[in-house]
Amino acid sequence: MRAIAWLLALFGVAVAVALLAGNNQGTITVFWPPYRVDLSLNLVLVLTAALFVVLHLALKALSALFSMPQQAQRWRLQQKERATHTALLDAFSHLLAGRFLRARKAAEAALRQEKALLTSGHPLAHGDKLRALAHLITAESAQSLQDTAVRDTHMQLALDSTAQRNTLETQETREGVQLRAAHWALADRDADAALQWLDALPQGAARRTLALRVRLKANRLARQTLPALETARLLAKHRAFSPAAAQSILRGLALELVSGAHDPAQLQRAWAELESTERLMPDVAIQAAHRLATLQGDAGLARQWLLPIWEQLVAHTEQEHAYSIKLVRALEAGFAVSDTAMDLPWLHRIEAAQQRNPRDANLQYLAGIACLRHQLWGKAQQLLTQAVHQLTDAGLQRSAWRALADLAEQRGDTAAAQEAYKRVAAT
């Protein structure tokens with residue numbers, strides 16, 4: 001289409017020239033004493049156009065001739081710039097391929113070439129960023145080679161390069177250097193240094209997924225369970241983990257938090273720091289209640305923590321729960337003879353659950369222990385006798401035989417007590 005348009009325009013110009021020049025009778029007379037020259041107007045126009053073209057070409061040739069030194073210098077600068085970028089790309093390639101010595105040498109070559117350009121008065125427009133990246137590659141290679149002195153030197157040089165100009169690109173490069181420094185500190189098992197590098201990041205960069213992952217590892221290395229739990233919550237909210245992995249990490253940190261409490265008050269504060277979804281995790285609630293009972297804390301509060309887990313267990317009694325034995329042990333640890341009034345609601349709950357599922361040996365055992373704590377000797381004897389042969393957990397079975405031995409001693413049945421103690425030893 002464009003060719004047709006040019007062809008039509010060419011025909012138009014030819015027609016216009018033919019109309020103007022075909023019947024043009026004008027002449028131009030040039031007097032040069034003692035001569036007189038008569039020239040056709042068309043010839044004058046053609047000579048003028050030819051003279052203009054010749055002058056234009058001559059000026060263009062002279063300009064090209066005089067600009068040859070600048071072009072040669074520009075070409076040399078382009079070659080140096082290309083060599084600098086090539087060296088940087090080679091350094092990246094060698095680093096990814098695990099050739100750390102070659103990566104270090106290529107990065108150092110890029111630094112030398114960039115410095116030569118800067119010294120010659122022709123700095124690169126993005127020289128600060130290129131210099132910082134070259135120093136970062138050198139530091140990364142030194143880290144892989146366990147050369148901490150070279151790593152720290154080039155890391156500081158990379159930070160200095162990004163500090164010269166406060167632009168968006170240099171700021172992002174600086175954040176990348178700080179993140180790598182936190183990674184290196186974490187690799188050196190220096191959690192405090194890693195957290196210091198992370199705290200130096202801007203607020204937006206500190207909440208990125210990569211920074212949060214490093215912070216989670218640093219907090220766990222420093223045994224800062226609560227900050228690690230808060231960081232894991234942010235990562236789960238950002239979907240940095242799969243749902244199953246996020247739940248596993250949160251459960252592990254919550255268990256670590258409640259297990260690290262050394263007195264009832266500290267344990268209650270740790271429980272208050274947990275979110276509602278974490279409190280509903282069976283392992284967490286059971287561990288917290290068992291820990292509170294071990295620390296001689298409020299048994300009623302421990303049973304209150306276990307109530308949602310108990311309701312889950314009762315609602316699904318037809319299923320085999322992996323945490324049912326742990327729940328039984330936690331409730332057993334919280335029973336106290338001096339707390340009979342507070343245990344009555346739980347006694348009713350346990351009896352109702354046992355009656356709804358009379359074949360569950362764990363519930364029979366728990367109901368028997370509850371009756372034993374409330375001095376219901378006959379009912380406790382009946383329930384424990386039914387459960388002791390069906391229990392699959394050796395610990396619960398030993399506890400059941402021990403309780404039967406205590407009951408036999410109370411009623412004066414020495415033979416039954418000795419038999420029960422033998423079963424305790426054999427289990």
Side-chain angles (χ1 to χ4, degrees), residues 179 182-183 185-195 197-199 206-295 297 301-313 316 319-334 393 395:
L179 281 174
H183 270 286
L186 200 60
D188 295 339
R189 310 295 294 177
D190 190 351
D192 295 335
L195 291 174
W197 282 113
L198 292 172
D199 293 337
R207 296 179 65 87
R208 294 172 188 166
T209 302
L210 180 61
L212 290 176
R213 285 180 180 272
V214 179
R215 183 176 292 276
L216 176 60
K217 294 179 181 179
N219 286 331
R220 300 194 72 172
L221 181 62
R223 298 190 180 278
Q224 299 177 0
T225 308
L226 183 57
L229 182 59
E230 295 173 351
T231 305
R233 290 169 183 164
L234 287 175
L235 285 170
K237 187 181 297 184
H238 293 170
R239 296 183 179 181
F241 309 116
S242 64
Q247 186 177 11
S248 177
I249 293 173
L250 291 175
R251 181 172 60 250
L253 290 172
L255 287 172
E256 186 177 344
L257 183 64
V258 298
S259 300
H262 301 291
D263 56 72
Q266 186 179 4
L267 181 57
Q268 292 179 26
R269 289 194 298 269
W271 181 262
E273 294 290 345
L274 299 178
E275 294 183 350
S276 57
T277 55
E278 296 162 357
R279 296 175 187 173
L280 293 177
M281 294 179 178
D283 291 340
V284 176
I286 292 171
Q287 178 67 20
H290 197 279
R291 183 66 177 167
L292 187 60
T294 304
L295 297 173
L301 180 60
R303 288 190 292 273
Q304 182 180 351
W305 294 350
L306 290 174
L307 182 57
I309 313 303
W310 173 262
E311 292 175 349
Q312 293 179 22
L313 177 65
H316 302 86
Q319 300 179 2
E320 183 68 24
H321 289 274
Y323 54 86
S324 60
I325 296 177
K326 296 181 181 179
L327 178 60
V328 169
R329 288 177 176 171
L331 288 172
E332 180 185 4
D393 183 74

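Hydrogens, waters and symmetry mates play no part in the numbers below; they use all other heavy atoms, side chains included.
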Which atom pair, heavy atoms only, marks the closest approach of Ala218 to Ala191?
-> O-CB, 3.6 Å

Looking only at heavy atoms, what is the nearest atom pair of Ala211 and Leu198, with distance?
-> O-CD2, 4.1 Å

Asn219/Leu253 under side chain to side chain contact (heavy atoms under 4.5 Å, CB included): CA gap, chis, key distance, verdict = CA-CA 11 Å; Asn219 286 331; Leu253 290 172; over 6 Å; no

What's the spacing between Arg207 CZ and Thr231 OG1 if we round to 0.5 Å?
-> 10.0 Å

Rounding to 0.5 Å, atoms OG1 (Thr209) and CG (Leu216) come to a distance of 12.0 Å

Shortest non-hydrogen pair, Arg189 vs Leu221, comes out as NH2-CD1, 2.9 Å

Please report the C-alpha distance between Gln266 and Leu295 in whole Å, then the side-chain angles of each, then the deciding distance to 0.1 Å, and finally whether the side chain to side chain contact (heavy atoms under 4.5 Å, CB included) criterion is met.
-> CA-CA 11 Å; Gln266 186 179 4; Leu295 297 173; over 6 Å; no

When the side chains of residues 235-248 are checked against the rest of the protein, which donor-acceptor pairs come out under 3.5 Å, sequence neighbours left out?
unit_1: Ser242; atom_1: OG; unit_2: Ala245; atom_2: N; d: 3.3

Considering all heavy atoms, the nearest Leu250-Ala232 contact | CD2-CB, 3.8 Å

Closest heavy-atom pair and its distance - Ile309, Pro282 | CD1-CA, 3.7 Å

Hey, does the side chain of Arg291 reach the backbone of Ala261 with a donor-acceptor pair shorter than 3.5 angstrom?
-> yes

Value rounded to 0.5 Å, distance of CG in Leu179 from CZ in Arg213 | 13.0 Å

Arg279 side-chain N/O to Trp271 backbone N/O, donor-acceptor pair under 3.5 Å | yes

Side chain to side chain contact (heavy atoms under 4.5 Å, CB included) evaluation trace for Arg215 with Asp199 = CA-CA 9 Å; Arg215 183 176 292 276; Asp199 293 337; 3.1 Å; yes

Between Leu226, Thr225, Val258, Leu229, which is the residue that forms a side chain to side chain contact (heavy atoms under 4.5 Å, CB included) with Glu273?
-> Leu226

Between Leu255 and Ser259, the two heavy atoms sitting closest are O-OG, 2.7 Å

Could you give all pairs that pass the salt bridge (Lys or Arg N to Asp or Glu O under 4.0 Å) test and reach residues 217-235, with sequence neighbours left out?
-> Arg233-Glu275, Arg233-Glu278

